[in-house]
Amino acid sequence: MKLLEDIYYTLLNEYGYQKWWPLKDGKEPFLEISLGAILTQNTSWKNVEKALENLIKENLISFEKLENIPEELLHQIIKPAGFYKRKSKTIKEFVKKTKNIDRKKIDRDFLLSIKGIGKETADSILLYALEKPVFVVDAYTKRIFSRVGILEKNADYDEVQIVFEKNLPKDVNLFKEYHALIVEHGKRFCRKKPLCENCPLKDLCQKNI
DNA sequence: AGCCAGGCCAAGC
DNA sequence: GCTTGGCATGGC
């Protein structure tokens, strides 16, 4: 489907490369990216950054440190990202399970077995932290592409993912950038109340709500 | 000053 | 099976 690529290049041209995920610490990229993926669940990146900065300040981007820190203390540190009790538990379990595993063995099912990690978080970790060609689907993806006319309104996660993976070159960098651009577009124009007037996808969009 | 964010899970129909 | 409520902070 050429439309998917047309939309990609339109968004890229409009917004430029998004540079996800910018590492702030960089000592343990796999861990740092995974933490960001967990912390950003239903949470704005602004708030996630504060939590990440706290973690870095405490030198906590470390499997060992996170495994040993008392959970109540972790609560305080990641509090700005919200849902801190659940996220602390998830981080604890994630660290415990990934600490000594061969990263080649980390797949979707393995990640989904960790409580608090669902499909989107698992796929984000696979794509951004492990560089696997997995397309990440989120609420914006469904909203934008159902409005454009490519998806059913209530399309299920895995179906949506298949549409993108079947119709795009299986390219890690393309997948990374496309998802990031989708998020950007969702924030700027394709909001719940869409701003269709000046939308860069206006000409490609079936619905023009 | 309400609505929403780069979801997920468990409970309830 | 599908829908709903709870989780929590901070920005707009």
Whichever of Arg143(A) and Ala122(A) has its nearest DNA chain B nucleotide further upstream toward 5': Arg143(A)
Along DNA chain B (nearest heavy atom to each residue), the more 5'-positioned of Ala139(A) and Lys192(A): Lys192(A)
Phosphate OP1/OP2 of dG6(B) contacted by Lys187(A) side-chain N/O (<4.0 Å): yes
Gap between atoms CD and P, on Gln41(A) and dA8(C) respectively (whole Å): 12 Å
Stacking of Trp20(A) on dG6(B) base (centres under 5.5 Å, planes under 30°): yes
Nearest-nucleotide pick for Lys79(A), side chain only, options being dG6(B), dT9(C), dA8(C): dT9(C)
Main-chain N/O of Arg143(A) paired with Ser146(A) side-chain donor or acceptor, under 3.5 Å: yes
Touch class at under 4.0 angstrom, heavy-atom based, for Tyr84(A) against every strand present: sugar-phosphate
Sugar-phosphate, base or nothing in reach of Ile117(A), heavy atoms under 4.0 Å: sugar-phosphate
Minimum-distance nucleotide to Pro80(A) side chain [options: dG10(C), dA5(B), dC8(B)]: dG10(C)
Criterion side-chain contact (heavy atoms from CB on, under 4.5 Å) against Ile38(A), the qualifying member of Ile91(A), Ile78(A), Val48(A), Thr43(A): Ile91(A)
Whole angstrom value for the distance that separates C1' of dG6(C) from CZ of Arg86(A): 8 Å
Ring-base stacking, Trp45(A) with dA5(B) (5.5 Å, 30° cut-offs): no
Between C1' of dT9(C) and CD of Gln76(A), the distance in whole Å: 13 Å
Atom P, compared across dA8(C) and dA10(B): separation rounded to whole Å: 14 Å
Rounded distance in Å between the P positions of dG10(C) and dC8(B): 22 Å
Whole angstrom value for the distance that separates C1' of dC8(B) from CG of Leu112(A): 11 Å
Between dC8(B) (P) and Leu111(A) (CG): distance, integer Å: 11 Å
Given DNA chain C, 5'-ward residue of the pair Thr43(A) and Lys46(A), judged by closest heavy atom: Thr43(A)
Toward the 5' end of DNA chain C, by each residue's nearest nucleotide, Lys87(A) or Lys50(A): Lys87(A)
Tyr140(A)-His185(A) side chain donor-acceptor pair, cut-off 3.5 Å: no
dG12(B) pairs with, by Watson-Crick or G-U criteria that keep both distances under 3.5 Å: dC2(C)
Side-chain H-bond candidate by donor/acceptor type, Asn13(A) with Thr10(A), under 3.5 Å: no
Residue Glu152(A) excluded, over 12 heavy atoms near CD under 6.0 Å: no
Distance below 4.0 Å between Thr121(A) side-chain N/O and dC8(B) OP1 or OP2: yes
